[in-house]
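The structure appears right after this line, and notes come after that.
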Amino acid sequence: MAILKTYARLWVDDLDRALPLLTELVGAAPDLRFGFGGVELAAVGDFLVIAGPAEQRARYADASATVVVSDLDEVVTRLAAHGGRVTVPVAASETGRFLYAEHAGGAQVEYVEWVPELVRRILG
């Protein structure tokens, strides 16, 4: 299992207002932009921007980062071996599969396994 990309999460009220500065700072347009579970998301550079009403964003706020991995099932195995646990079971989204986990020690992380097309398009 490999970590393919890690995103810092940015919480905003309005995605359209937040993206121009990030696009300029990063020097690139967003790689992804989509809606999911009452929020809008955009990936630009190493930022995952999550927008929407505060009550909707709160459902995803426990995780401090989004980590894209090559094998989500291996993450589950390694978590268990090191005293961590899955807090939100594996589910599907338009980008692939994801889960939320708590590491031993308390870190909360979202892990994502992208569909192969995204890996090729975004990571090469």
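Note that the structure is a prediction, hence the values are computed from the model and not measured. As a basis for the values below, the full set of heavy atoms in this structure was taken, side chains included, without hydrogen atoms, waters or symmetry mates.
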message: What I want to check is whether the side chains of Gln108 and Ser64 have a donor and an acceptor closer together than 3.5 Å.
response: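 Gln108 vs Ser64: no donor-acceptor pair found between side chains.
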
Atom of [X], atom of [Y] and distance for their closest heavy-atom approach:
{"X": "Val49", "Y": "Ala18", "value": "CG1-CB, 4.4 Å"}
{"X": "Ala104", "Y": "His82", "value": "CB-O, 3.3 Å"}
{"X": "Gly96", "Y": "Val115", "value": "CA-CG1, 3.7 Å"}

Path from [X] to [Y] over hydrophobic side-chain contacts below 4.5 Å:
{"X": "Leu32", "Y": "Phe47", "value": "no"}
{"X": "Leu19", "Y": "Val39", "value": "no"}
{"X": "Val26", "Y": "Ile122", "value": "no"}
{"X": "Leu123", "Y": "Tyr7", "value": "yes"}
{"X": "Val44", "Y": "Leu41", "value": "no"}

Give every residue pair that meets the side-chain hydrogen bond (donor to acceptor under 3.5 Å, both in side chains) criterion with at least one member in residues 112-121, sequence neighbours excluded.
->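 Applying side-chain hydrogen bond (donor to acceptor under 3.5 Å, both in side chains) to every pair that reaches into residues 112-121, excluding sequence neighbours, yields Arg97-Glu113.
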
Original post:
Can you list every pair that meets side-chain hydrogen bond (donor to acceptor under 3.5 Å, both in side chains) and has a residue in residues 33-55, with sequence neighbours left out?
Top reply: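 side-chain hydrogen bond (donor to acceptor under 3.5 Å, both in side chains) check on residues 33-55 returns Lys5-Asp46, Asp16-Arg33, Arg33-Glu40.
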
Nearest-0.5 Å distance, [atom1] of residue [X] to [atom2] of residue [Y]:
{"X": "Trp11", "Y": "Leu48", "atom1": "CH2", "atom2": "CG", "answer": "8.0 Å"}
{"X": "Leu118", "Y": "Asp31", "atom1": "CG", "atom2": "CG", "answer": "9.0 Å"}
{"X": "Ile50", "Y": "Phe36", "atom1": "CD1", "atom2": "CZ", "answer": "11.0 Å"}

Discussion item. Within the supplied structure, the quantity of interest is the number of heavy atoms (other residues, nucleotides, ligands) at a distance under 6.0 Å from Glu94 CD; does it exceed 12?
Written reply: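 Atom CD in Glu94 is crowded, with more than 12 foreign heavy atoms closer than 6.0 Å.
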
Please tell me if the side chains of [X] and [Y] come closer than 4.5 Å, counting only heavy atoms from C-beta onward.
{"X": "Val112", "Y": "Thr95", "answer": "yes"}
{"X": "Asp62", "Y": "Thr87", "answer": "no"}
{"X": "Thr66", "Y": "Thr6", "answer": "no"}

TODO: Give the C-alpha distance, both sets of side-chain angles, the deciding distance and a yes or no for side chain to side chain contact (heavy atoms under 4.5 Å, CB included) between Glu110 and Arg9.
DONE: CA-CA 10 Å; Glu110 177 192 30; Arg9 291 172 150 219; 2.8 Å; yes

Item checked: Backbone of Gly52 reached by a side-chain donor or acceptor of Arg57 within 3.5 Å ->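 Between the backbone of Gly52 and the side chain of Arg57 there is a qualifying donor-acceptor contact (under 3.5 Å).
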
Quiz prompt | Remaining members of hydrophobic cluster (4.5 Å side-chain criterion), Val90 | solution =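 Under the 4.5 Å side-chain rule, Val90 groups with Met1, Ile3, Val67, Val69, Leu72, Val75, Val76, Leu79, Val86, Leu99, Val109, Tyr111.
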
